[in-house]
Amino acid sequence: SSDVCSSDLAGRDREAYTQYRNMLGRWPDNANALVNYGLLAHRLGNDGEAVDSWQRAIAVDATQWRAQLYIAEALEQQGQLQAAARHYRMYLELAAARPGEHRDDASALLTVLIKVADSDAALDRRDEAGKGYAQAAGLAEEAKESMLESLALVRLADLREKSGDAAEAARDYQRALVLDASSADTKSVAADWLNYGQLLHRHGQKERLVFACFLHAEELLSVDASAERAAIVEARSQSASRLGRAQAAKVLSRKSAVTAEALSLPPAKLSTQP
């Protein structure tokens with residue numbers, strides 16, 4: 001059974017943990033052993049010890065990119081986002097210095113690039129954040145990582161709207177939503193349609209286009225009872241009230257066509273200021 005498997009695994013981890021501790025007693029400056037010991041400590045629930053071990057690994061060998069990544073992830077889990085971002089940046093620098101070692105790490109690198117841009121956005125460093133998201137979107141396109149490309153574009157759209165460029169924000173959302181068409185992550189896709197519809201509403205676009213976006217988002221989460229779906233239902237309901245019953249019924253009868261119209265709306269139609 002799976003319980004037996006997991007207890008076997010935990011037993012093997014404990015055994016390896018003890019072996020590494022003994023090894024480090026004799027060779028305390030073995031950076032690779034420090035990284036592995038930290039991983040085992042983390043798996044056994046000793047997170048403080050894990051981070052200490054990874055920090056020792058970096059002190060011994062500054063090129064230990066795995067240690068930088070693991071410390072960043074641990075700090076992020078503790079909610080220390082800016083401290084995590086510093087280690088994520090070091091990981092990206094080390095990866096850039098040795099591209100050959102990271103040929104198969106596209107997904108991990110892109111995720112980190114987006115997290116670093118998120119930390120810049122949180123500090124209102126909009127130029128740096130924008131460059132980070134744009135770089136992530138471009139690299140994701142090259143790597144054919146369409147979901148990460150979509151995520152970077154949506155974050156970039158949000159940033160651009162806040163900076164007063166609604167037309168560029170709309171263009172980014174439209175690119176993201178085209179990529180989303182092949183995604184199995186319906187919750188994220190529904191959120192993107194909700195946010196795009198809200199962008200159109202804030203910038204004075206036709207209510208029927210806004211309503212179609214919200215309808216599509218709601219349909220994507222039709223079997224979901226989450227708070228996300230509740231927010232979409234509320235937005236759709238408010239849009240229906242603004243539209244009126246007859247017009248809402250008209251959109252419902254040709255929903256696919258109106259949704260496609262919303263997606264192909266010329267971005268220049270959005271005013272540059274809300």
For this session: Output every pair passing salt bridge (Lys or Arg N to Asp or Glu O under 4.0 Å) with a member in residues 21-40, not counting sequence neighbours, ordered by first then second residue.
Result: none
For this session: Start with the C-alpha distance between Val189 and Ser183, add both sets of side-chain angles, then the distance that settles side-chain contact (heavy atoms from CB on, under 4.5 Å), and finish with yes or no.
Result: CA-CA 7 Å; Val189 178; Ser183 172; 3.8 Å; yes
Problem set entry | Side-chain donor or acceptor of Ser163 paired with backbone N/O of Leu159 under 3.5 Å | yes
Exercise. Can you name the nearest heavy-atom pair linking Leu153 to Asp172, along with the distance?
Worked result: O-CB, 3.5 Å
For this session: Look at the rings of His216 and Trp193 and say which category their plane angle falls in: under 30° parallel, 30 to 60° tilted, over 60° perpendicular.
Result: perpendicular
Exercise. Leu220, Tyr173: one ILVMFWY side-chain cluster at the under-4.5 Å cut-off?
Worked result: yes
Problem set entry | Stepwise salt bridge (charged side-chain N to carboxylate O under 4.0 Å, His left out) test for Asp180 and Arg175 | CA-CA 9 Å; Asp180 283 350; Arg175 282 178 60 198; over 6 Å; no
Problem set entry | salt bridge (Lys or Arg N to Asp or Glu O under 4.0 Å) partners of residues 252-264, not counting sequence neighbours, each pair once | Arg208-Glu261, Glu219-Lys255
For this session: Could you please spell out the steps behind the side-chain contact (heavy atoms from CB on, under 4.5 Å) verdict for Tyr91 and Leu94?
Result: CA-CA 5 Å; Tyr91 163 68; Leu94 292 167; 5.9 Å; no
Problem set entry | Distance, nearest 0.5 Å, that separates CG of Leu151 from CD1 of Ile114 | 4.0 Å
Problem set entry | SB check Glu149 Lys144 (cutoff 4.0 Å) | no
For this session: Show your reasoning for whether side-chain contact (heavy atoms from CB on, under 4.5 Å) applies to Tyr196 and Leu265.
Result: CA-CA 11 Å; Tyr196 179 57; Leu265 181 78; 4.1 Å; yes
Exercise. Between Ala129 and Ala121, what is the shortest heavy-atom contact and its length?
Worked result: CB-N, 3.6 Å
Problem set entry | Arg126 with Asp124: basic N within carboxylate O range, under 4.0 Å | yes
For this session: Determine which pairs satisfy salt bridge (Lys or Arg N to Asp or Glu O under 4.0 Å) with at least one residue from residues 43-62, sequence neighbours left out, and list them in order.
Result: Asp13-Arg43
For this session: Output the distance between atom CG (Leu199) and atom CG (Asp192), rounded to the nearest 0.5 Å.
Result: 12.0 Å
For this session: Determine whether Val233 and Leu243 fall in the same hydrophobic cluster, where Ile, Leu, Val, Met, Phe, Trp and Tyr are linked whenever their side-chain heavy atoms lie under 4.5 Å apart.
Result: no
Problem set entry | Main-chain N/O of Lys269 paired with Gln205 side-chain donor or acceptor, under 3.5 Å | yes
Exercise. Which residue, Leu252, Thr259, Ile232, forms the side chain to side chain contact (heavy atoms under 4.5 Å, CB included) with Leu215?
Worked result: Leu252
Exercise. Do Ser239 and Glu207 touch side chain to side chain, with heavy atoms closer than 4.5 Å?
Worked result: yes
For this session: List the atom of Leu113, the atom of Leu92, and the distance in Å for their closest heavy-atom pair.
Result: CD1-CD1, 3.8 Å
For this session: Hey, could you give me the OG/CD distance between Ser237 and Glu234, rounded to the nearest 0.5 Å?
Result: 5.5 Å
For this session: Measure from the side-chain N and O atoms of Gln238 to the backbone N and O of Arg236, and report whether any donor-acceptor pair falls under 3.5 Å.
Result: no
Seminar exercise, completed: Distance col, row Leu194:CG vs Cys213:SG, nearest 0.5 angstrom, shows 9.5 Å
Exercise. Who are the salt bridge (charged side-chain N to carboxylate O under 4.0 Å, His left out) partners of Asp118, not counting sequence neighbours?
Worked result: Arg155
Seminar exercise, completed: Nearest heavy-atom approach of Lys187 to Leu221 is CA-CD2, 3.9 Å
Seminar exercise, completed: Applying side-chain contact (heavy atoms from CB on, under 4.5 Å) to Glu168 and not counting sequence neighbours gives Arg160, Asp165, Arg171
For this session: Quick one: pull up CZ in Arg66 and CH2 in Trp54 and give me the separation to the nearest 0.5 Å.
Result: 10.0 Å
Exercise. Does the side-chain contact (heavy atoms from CB on, under 4.5 Å) test come out yes or no for Val210 and Lys206, once each step is laid out?
Worked result: CA-CA 7 Å; Val210 174; Lys206 291 174 181 168; over 6 Å; no
For this session: Kindly say whether Arg14 contributes a backbone atom to a donor-acceptor pair with the side chain of Thr18 at under 3.5 angstrom?
Result: yes
Throw together a table of side-chain donor-acceptor distances under 3.5 angstrom for residues 67-79, partners on residues two or more places apart or in other chains.
residue: Gln68; atom: OE1; partner: His87; partner atom: ND1; Å: 2.8
residue: Glu76; atom: OE1; partner: Tyr88; partner atom: OH; Å: 2.6
residue: Glu76; atom: OE1; partner: Lys115; partner atom: NZ; Å: 2.9
residue: Gln78; atom: OE1; partner: Gln80; partner atom: NE2; Å: 2.9

Problem set entry | Path from Leu110 to Val112 over hydrophobic side-chain contacts below 4.5 Å | yes
Exercise. Are side-chain heavy atoms of Ser119 and Arg89 found at a separation under 4.5 Å?
Worked result: yes
For this session: Please confirm whether the backbone N or O of Ala108 pairs with a side-chain atom of Asp105, one donor and one acceptor, at under 3.5 Å?
Result: no
Problem set entry | Heavy-atom closest contact (Ala136 atom, Ala152 atom, distance) | CB-CB, 4.0 Å
For this session: Measure the spacing between CG of Leu177 and OG of Ser150 and express it to the nearest 0.5 Å.
Result: 7.0 Å
Exercise. Taking Ser53 for the side chain and Ala50 for the main chain, is one N or O donor matched with an acceptor at less than 3.5 Å?
Worked result: no
Problem set entry | For Val154 against Ala176, the heavy-atom pair lying closest together | CG2-CB, 3.7 Å
